[in-house]
Structures are given as structure tokens and as C-alpha cells.
Amino acid sequence: MYFDHSATTQPDERVLRTFMDASASYFANPASLHAEGKRAEKLLERARTQLLGTIGLGLTEGIFTSGGTESNNLAILGYVYANQHKGRHLITTSIEHPSVLNVFQELEKQNFTVDYLSVDEEGRISLDELQAKLQKDTILVSIMHVNNEIGTIQPIEECAKIIHSSSRAMFHSDCVQSFGKFSLTDFTDGPDLVSLSAHKIYGIKNSGFLAFRKNIRLQPLVFGGGQEHKLRSGTVSVPHAAALAKAARLLVEEVDMQQFRHWRNDLVAFFSEIDECKVLAPNASAPYILSVAFAQITGEIAINFLQQQGLIVSTSSACSSKNSDVSHVIEAIQVPQEFEKGVIRISLGKNQTIEEIEQLKVAVRQLVELIRKGVGK
Ligand SMILES: Cc1ncc(COP(=O)(O)O)c(C=O)c1O
């Protein structure tokens, strides 16, 4: 019983079929001038157009990448290096994924100034703080849509309005955890650059996409034959592109957010009744991510126990400057000390069943019994 869809998802069979078919029938190099190359190029461009249509926001450019990490790196480094003559001030949040946070830390070493927006106890940034931090020389703001550890949804439409109305900065959003589930197409304003990853949406690993607005200048990070409009050299994998477009289309068509909401509310109510447990971001998180923290037990012991009952959940990720057992997100939302090492993340998928949710509750009840007997000490 798999409850770790924020870490990765099992590829959808139909996506695998698209990948196999494209690998067999569209193997030609899409940069080749012959007819087979043209056929492959056509499929590649169809995938690009379809993905851009799913993202919306008026973003007309898109580059296929190796995943969310590369998309984030290309968006931030690529934009900052190409536009550093306009200013050297950058803004992000304290709870970004390491593929954003570590890029900004690298830029600080190169004498860029970075402001890290603080978050409240549910991981929400403050729009007032964002407004206050924007300066004349701010060139880029990067704010994730849905946090991968605690699921907090940031108000990226409002962020975009503030950024665009009061600065010249561009707005990048890491939408790896939200894409396909939350639609951006109705937004009246939104990010200028959007990062996606295929393996979070039942697609294939090592595949992602960076969408961006026309006229945005990026500096390439990989040099070579000049593929992908000179922004990412290397022969483009048409099968990966076609499979990503297929995964996106299927998820958008099939995702049942109402079902997620129902299960999540049920699980929030369930965990809230347990004394030894604290629900993180109960009012701010996406309906498919639920993190809870146990007192008197580590996340690792909890996930091992649940695994013995056939349930796969994860701990929050272990990336922290201060304390190797506590992630930077858990530190940022100031989880009380007795809970901070006991975090587990339950992330739901589109094929989850009610039986699995009920099994999870049974196993958690058993875990709580063990905690009461002092097993974590
Ligand atoms: C929010 C977020 N951004 C970026 C990434 C990196 O994506 P990828 O694994 O495709 O490099 C992840 C993956 O865990 C993520 O959750």
C-alpha cells in the first residue's frame, strides 16, 4: 500500500505504452533533416504545445529537461546569469525544495543578495513581506506552488500580481508538486517560469519541462549542438517528451481532487484525535499531502513499523543546516521540539483506495499503542 506519491509515482501503463511506441516508431533524431527526423520533430513539437496548453498562463516557450531539479536550475541560474546587468537582488522562501534553495545559496557565494521569505506555522509566506522585500534591483522571485514536505499551497496568483505590479522582477514557481492537480489556466496573473517533473505525475523518471514567457532571456547551462532553441544542448528524447505530455493529459483528465479532499479531511480528523500526534499545516496544505508529527518516536521508527504492516509512507526529507534529523521545512514552521524528529508524510495518489486508507488508520492505531508503551524511547 503506497502512500509516497510526493516522492515518486508508479508510471501509468498508458504512459509507458506511449514511451515504448515513440521509442520504436519515432527513434529518429528530431534535429535530422530527413523525413524520419521530421516525423520525430513533429511529435516533439506536439508534446511541447500540449504541455504549454495544459500550463496556460500565456507561457509560449518550453524546454524539455531531465526533471524538476534541472528545470529549477535552468530557470534560476539561466535567468539570473542572463539578466544580472539589471540587478543582483533575488527573493525566495525558506521552505523551497533543495533544487531551488541550494541554487540560491550558490548564487549568494557569487555575490548576489538573496532574501528568504519566512513562513508561518503552516508554511505560508506573507504577501506583505513579499511586497516589502521587493526592491528596484530585484530580478527574480522564486516561490514554490505546493511544498513537497508539508503540502502548503502558496498563493502564487496573488504573488504574481504583487511582483508584476510593483517590480521588474520575473516570477519563477516550482510547480513539481502541484502540476496536473491544481490548474493554473484560470489565473489572471501567474508565474513567468514554471518547472515540472514527469515522475511526480505518473510519468517517466529523468524527464521534466521548463515553461516560460516569450522574450524571457535565459543563459544555457549546457553547451553543445544548440538543441532546444540553444538552451539545452543534447539530442532531445522524443519518447520522454511524448510520455510527459501524455502523463500530463491523463492526470488532468482523471485526477479527483474531491476524493483527495474527502480522504484528507478524514485523516486530519483521525490524527487530530491522537494526543501523541500533531497534524502539520492542517488548513494550508494540498489535499493529497498530509504530514503528521509524533512525539516520543522518530519518523524512521514510525515508517519502519508501518512498513512491517505493508504500508509505504516517508519521513520528511533530511536536509537541514542545523540538525541532520530535522528538515529545513520542519525547522522553518517551528514544530515543537518534542515532535520535530517524529514527522511522517502521507501522500495520496490517483489509484488510492478507501481500503488502503482504512488499513493505514488501523496500523497507526497500533503504532500509537506502541508509543504509549514507550517503544520509541
Ligand atoms: C517540489 C519539488 N521540486 C523539485 C523536485 C525535483 O524533481 P526531480 O526529482 O524531477 O529532479 C522535487 C522532487 O522531489 C520536488 O518535490
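Whatever order the structure lists ligands and atoms in, that order sets their numbers, starting from 1. All values reported here derive from a predicted model rather than from experimental measurement.
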Show the numbers, then the answer: is there a salt bridge (charged side-chain N to carboxylate O under 4.0 Å, His left out) between Asp189 and Lys161?
-> CA-CA 6 Å; Asp189 201 354; Lys161 287 179 186 161; over 6 Å; no
Going through the checks in order, is the side-chain contact (heavy atoms from CB on, under 4.5 Å) test met by Asp12 and Leu251?
-> CA-CA 10 Å; Asp12 188 301; Leu251 185 57; over 6 Å; no
Chi angles and distances behind the salt bridge (charged side-chain N to carboxylate O under 4.0 Å, His left out) call for Lys278, Glu121 = CA-CA 12 Å; Lys278 184 176 163 52; Glu121 74 291 348; over 6 Å; no
side-chain contact (heavy atoms from CB on, under 4.5 Å) assessment of Val119 paired with Arg124 | CA-CA 5 Å; Val119 292; Arg124 286 173 291 221; 5.9 Å; no
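- When heavy-atom distances to ligand 1 are checked against a 4.0 Å cut-off, Thr69 comes that close through both its backbone and its side chain.
- Contacts between Glu70 and ligand 1 below 4.0 angstrom, taking non-hydrogen atoms only, are absent altogether.
- In terms of protein heavy atoms, atom 1 (C) of ligand 1 is closest to Asp174 OD2, 3.4 Å.
- For an aromatic pair to be called close, the ring centres must be under 6.0 Å apart, and His172 with Tyr79 fails this.
- At least one cation-pi condition fails for Lys181 and Phe260: the charged atom is not both under 6.0 angstrom from the six-membered ring centre and inside a 45 degree cone around its axis.
- If you look at His199 next to ligand 1, the close heavy atoms, those under 4.0 Å, all belong to the side chain.
- Proximity to Asn72 (heavy-atom distance under 4.0 Å) selects the following atoms of ligand 1: 3 (N), 4 (C).
- With ligand atoms numbered from 1 in the order given, ligand 1 contributes 1 (C) to contacts under 4.0 Å with heavy atoms of Met144.
- In this structure, Arg48 is not positioned above the aromatic face of Phe64 in the sense of NZ or CZ being under 6.0 Å from the six-membered ring centre and within 45° of the axis.
- Counting only heavy atoms of the protein, atom 16 (O) of ligand 1 lies nearest to Gln177 NE2, 2.7 Å.
- Heavy-atom proximity to Gly67, at under 4.0 Å, picks out these atoms of ligand 1: 10 (O).
- In Val100, neither the side chain nor the backbone holds a heavy atom less than 4.0 Å from any atom of ligand 1.
- The shortest distance between side-chain heavy atoms of Leu348 and Ile357 falls below 4.5 Å.
- Residues Tyr2 and Asn351 form no side-chain contact, since every pair of their non-hydrogen atoms from C-beta on lies 4.5 Å or further apart.
- Ligand 1 has Lys200 within reach: a non-hydrogen atom of the residue lies less than 4.0 Å from it.
- The shortest N or O to N or O distance between Gly68 and ligand 1 is under 3.5 Å.
- The single protein non-hydrogen atom nearest to atom 12 (C) of ligand 1 is His97 NE2, 3.3 Å, given as residue, atom name and distance.
- Using a 4.0 angstrom heavy-atom cutoff, Gly208 does not count as in contact with ligand 1.
- Atoms of ligand 1 found under 4.0 Å from any heavy atom of Ser197, numbered from 1 in the order shown, are 8 (P), 10 (O).
- For ligand 1 and Ser99, the ligand atoms under 4.0 Å from any heavy atom of the residue are 4 (C).
- Note on Arg345 versus Asp4: salt bridge recorded, some NZ/NE/NH1/NH2 to OD/OE distance being below 4.0 Å.
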